[in-house]
Chemist: 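Have a look at this one before I ask anything.
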Amino acid sequence: MSINATLFVQAIVFLILVLFTMKFVWPPIAKALDERAQKIADGLSAADKAKSELTAVNKRVEQELAQTRNETTSRLADADRRAQAIIEEAKARATEEGNKLVAAARVEAEQQVIQAREALREQVAALAVKGAEQILRKEVNAGVHADLLNRLKTEL
């Protein structure tokens with residue numbers, strides 16, 4: 001065989017091999033590569049989507065945290081204001097009650113002073129009467145004042 005015929009036969013076999021490869025081997029390989037490329041592209045797009053969703057969720061979480069902090073601060077301030085108001089109200093009530101107690105004590109003290117004065121007057125009157133009796137008994141002469149004593153007996 002000549003070298004030309006061998007080259008020609010090898011070229012034909014090569015062409016048959018290329019055609020066979022292009023018809024039967026290459027399409028499944030190309031399909032597998034396309035599917036792999038699609039999976040990679042889908043994975044990358046899913047990763048990008050997840051990354052953007054994560055960013056959005058992080059922003060939302062930060063906003064909610066900030067809102068919660070603001071609400072907490074507001075509620076604490078309200079609680080402080082309420083506590084101060086309750087304390088002031090309690091102080092006012094205590095002052096009012098104290099004033100009432102002081103007024104009641106003054107009224108009671110005045111009544112006790114009046115009662116003490118009345119008791120003192122009664123005691124002074126009783127002492128005055130006793131003193132007058134003692135003075136009158138010493139100075140009273142039954143014979144001299146018999147007429148006066150008789151009148152007192154009739155009046156009693």
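Counting begins at 1 with the first residue of the sequence.
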Chemist: With clusters defined by side-chain heavy atoms of hydrophobic residues (ILVMFWY) lying less than 4.5 Å apart, directly or transitively, does V57 cluster with L65?
Modeler: yes
Chemist: Say you draw a straight line from CG of L76 to CZ of R81; how long is it, rounded to the nearest 0.5 Å?
Modeler: 10.5 Å
Chemist: May I ask whether M22 and F14 are part of the same hydrophobic cluster, defined by side-chain heavy atoms of I, L, V, M, F, W, Y residues being less than 4.5 angstrom apart, directly or through others?
Modeler: yes
Chemist: To the nearest 0.5 Å, what is the distance between OG1 on T73 and CG on D78?
Modeler: 11.0 Å
Chemist: Output the distance between atom OG (S74) and atom CD (Q67), rounded to the nearest 0.5 Å.
Modeler: 11.5 Å
Chemist: Could you walk me through whether E64 and R60 pass the salt bridge (Lys or Arg N to Asp or Glu O under 4.0 Å) check?
Modeler: CA-CA 6 Å; E64 289 179 10; R60 226 178 306 137; 6.0 Å; no
Chemist: For the residue pair Q38 / D42, report whether a side-chain donor-acceptor contact shorter than 3.5 Å exists.
Modeler: yes
Chemist: Working to the nearest 0.5 Å, report the span between CG of L101 and CD of E108.
Modeler: 11.0 Å
Chemist: One thing to verify: whether E97 and R93 come together as a salt bridge, which I'm taking to mean a side-chain N less than 4.0 angstrom from a carboxylate O.
Modeler: no
Chemist: Distance check, rounded to the nearest 0.5 Å: I29 atom CD1 versus R36 atom CZ?
Modeler: 15.5 Å
Chemist: Could you tell me the separation between the CG atom of L19 and the CD1 atom of I12, rounded to the nearest 0.5 Å?
Modeler: 11.5 Å
